[in-house]
Amino acid sequence: MKAADYVTLLRVCSKTKDLQRGIALHDDIVKRHYVEACSDALVIMYAKCGRIFKAEELLVLHKCRSVAAWTALIAAYVRIGQGYNAVDCYDQMRHHGISPDAVAFVCVLKACASTRALEKGLEIHEEIISEQFVGYNIMLGNALVDMYAKCGAVHKAHDVLKGLPSRNVITWNALITGYAQGCKGEQALLCFEQMQCEGVSPDAVTFTCILKACGCIGAVEKGEQIHDEIVRCGYLKKDLILGTALVDMYAKCGAFPKAHEVLEELPFRNEFCWSALISGYAEQGYGQQALLCYEAMKHDGLSPCRVTYLSILKACGSLKARELGEQIHEEIGRQGLLKEDTMLGNALIDMYTKCGTLSKAEQLLDELSVRDVVSWSTLIAGYSKQGQEEKAFISFERMQDEGITPNVVTFACILKACGSTGANDKGEKVHEEIIRQGLLDNNLLLGNTLVDMYSKCGALGKAQQVMEELSVRDDVTWNTLIAGFAQHGQCEQALSSYEYMQQDGFAPGKATFLCLLKACGCIGAFLKGEQIHEKMTRLGLSNNDTMLSTALVDMYAKCGALEKAYHVLRELPVQNEVSYSALLGACERQIDVKAGRWAFEHAVQANKNDALIYAQMANIYAAAGMQEDAELVEVMRLENEAW
DNA sequence: GTAGGGTTAG
């Protein structure tokens with residue numbers, strides 16, 4: 001046999017991934033001194049059969065200069081998920097002066113996509129453009145679209161797609177996936193329309209991505225339409241991935257009966273489709289249903305996988321099912337799933353914090369072989385929620401000592417702890433750090449949390465300043481500030497902030513009005529209160545909301561406008577003891593027996609006679625010197641209680 | 001060259 005024959009045989013091994021035969025051929029090649037002539041083919045064979053180190057060793061040893069050999073190695077790294085090594089390999093190839101071909105570009109773009117290496121991806125895109133690459137084809141275009149989409153630069157992906165000389169269903173799928181993954185459902189749907197206008201028919205992959213987009217934005221009607229189309233195409237009989245996407249879409253939209261129906265009708269089920277349903281329940285707080293599905297899945301003869309466990313742990317957390325959570329923990333440990341699986345570890349930490357066993361959560365965190373910013377943030381959130389702010393602060397320190405940089409979530413948790421303990425100085429330091437990291441730009445949540453922290457600490461000037469400096473704000477920002485002023489008795493400022501809020505283009509809502517009414521009542525601002533009442537009526541808010549109506553009664557009562565107060569109370573669709581009690585409280589302060597008696601009698605008639613109302617009425621009589629009546633009310637209270 | 005279920009806050 002000649003060297004060329006060995007090359008042919010090696011190519012067959014590469015295709016069939018026949019490593020044994022490849023090794024045997026390698027031996028023969030060495031014996032016959034054909035190595036130089038066969039080195040490229042050998043590298044490719046080893047790379048394709050997964051022997052990356054052997055491939056790399058030969059590549060270096062024989063100073064291979066063929067793009068194909070280098071590309072095979074790059075592709076092998078991509079396959080095993082080592083994108084960084086793939087990019088490294090590509091750089092080395094260029095360093096040796098070897099020009100990439102279309103396949104090499106595609107492989108390295110894939111590596112960039114998998115490692116979210118946008119910078120590198122841009123660099124490679126530049127290379128393709130500047131070298132006026134002649135081998136440009138639709139596959140390369142698709143790889144570019146995919147790279148940008150996966151790196152989160154969907155707009156860039158869309159631009160590339162627009163500039164391509166031709167595009168096919170794969171181009172569109174890559175873009176739609178990008179939009180779906182970024183939860184840009186509307187844009188995904190627009191692309192779905194546009195591709196069909198261009199005469200490109202959707203395939204099973206398109207439907208999968210578009211269902212994901214629907215689920216993300218809760219577009220259940222659109223999802224149902226797609227479902228019909230899928231059934232018409234007959235895809236569901238053979239494509240379990242599509243079935244899973246359907247179950248997922250319905251579950252995410254909260255359409256659980258439909259999700260069950262689809263699951264039942266699938267030709268067969270695996271742990272993926274069950275997990276989609278379980279996660280939908282767990283995500284939306286239906287822990288009990290999640291557990292029932294988990295049982296059903298096991299009954300179906302399937303074993304839970306790591307993603308199933310992630311959802312189940314969430315369910316245990318929301319149900320505070322500590323014992324079951326511990327059982328699952330043991331089960332995961334027995335299966336050796338916890339090793340180096342930080343996400344699963346984090347889900348366990350979260351479960352333990354939600355079940356109130358913070359010590360166990362911290363112990364687990366210490367035991368994790370790899371912990372990340374999520375592990376720490378979870379623990380910090382747990383301590384903060386349980387009112388153990390001091391431990392939250394300590395954990396925050398420990399995390400940074402360990403060299404882990406806090407992210408937006410960590411900062412939000414720690415600011416919450418600062419707010420509830422009034423730790424203004426600590427909050428200021430965190431604020432500085434947030435600015436230093438440039439996290440405040442365009443981050444509404446963090447901005448609002450900062451305003452809230454300063455408000456809770458009573459540093460309202462600072463809260464106002466932060467709000468004014470925010471690059472983006474919304475109604476929540478304003479409500480937070482107004483609530484802060486109202487909470488700290490700075491009622492005029494609360495009311496003037498309301499004016500500024502409207503000037504800033506934001507409409508007041510329920511939360512705003514609750515604070516404003518409180519502020520008006522507090523300073524007896526009757527006219528302003530009346531204005532706000534009118535505004536609420538214009539917005540249609542005051543007549544159907546018990547909380548708001550109660551706040552109105554309270555405001556008028558506190559302003560001494562008892563007539564107005566019981567007028568509002570009379571109009572209430574549902575009269576509750578709180579509103580009567582608010583009115584009686586005002587009567588008590590003003591010792592207004594007549595109004596008090598009116599409110600009391602109506603409360604009793606409306607069956608809203610709880611103990612507080614009797615006590616308040618008795619107080620009014622007593623304050624007015626009507627001792628006998630006071631005692632009578634007391635007797636009525638006892639009778640009512642006995643009854 | 002494109003596709004399924006997933007951890008922290010709000």
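Atom set for the values below is all heavy atoms of this structure, side chains included, hydrogens, waters and symmetry mates excluded. Labels below follow one simple rule: chain letters A, B, ... track the order of the sequence lines, proteins then strands, and each chain is numbered from 1.
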Touch class at under 4.0 angstrom, heavy-atom based, for A/Asn168 against every strand present
base
Return the nearest nucleotide to the side chain of A/Val374; candidates are B/dG4, B/dG6, B/dT8.
B/dT8
Going by atom types only, do A/Gln363 and A/Lys360 share a side-chain donor-acceptor pair under 3.5 Å?
no
Let's see if you can work this out: which of B/dG4, B/dG6, B/dT7 has an atom nearest to the side-chain heavy atoms of A/Arg306?
B/dG6
With a 4.0 Å cut-off on heavy atoms, is A/Asp239 in touch with a base, just the backbone sugar-phosphate, or nothing at all?
base
Is it the case that A/Gln437 and A/Glu433 place a side-chain donor and acceptor less than 3.5 Å from each other?
yes
Any side-chain N or O of A/Lys150 under 4.0 Å from OP1/OP2 of B/dA3?
yes
Should the SG-SG distance of A/Cys457 and A/Cys418 be recorded as below 2.5 Å?
no
Closest approach to the side chain of A/Ser275, judged atom by atom: which nucleotide of B/dG5, B/dT8, B/dG4 is it?
B/dG5
From B/dG6, B/dT2, B/dT8, pick the nucleotide closest to the side chain of A/Ile170?
B/dT2
Sugar-phosphate, base or nothing in reach of A/Thr244, heavy atoms under 4.0 Å
base
By nearest atom, which of the nucleotides B/dT7, B/dT8, B/dG10 is closest to the A/Asn407 side chain?
B/dT8
If every non-hydrogen atom of A/Asn448 is compared with every non-hydrogen atom of A/Thr480, which pair is closest and at what distance?
O-CG2, 4.2 Å
By nearest atom, which of the nucleotides B/dT8, B/dG5, B/dT2 is closest to the A/Ala174 side chain?
B/dT2
Regarding the side chain of A/Asn173, the nearest nucleotide among B/dT2, B/dT8, B/dG6 is B/dT2
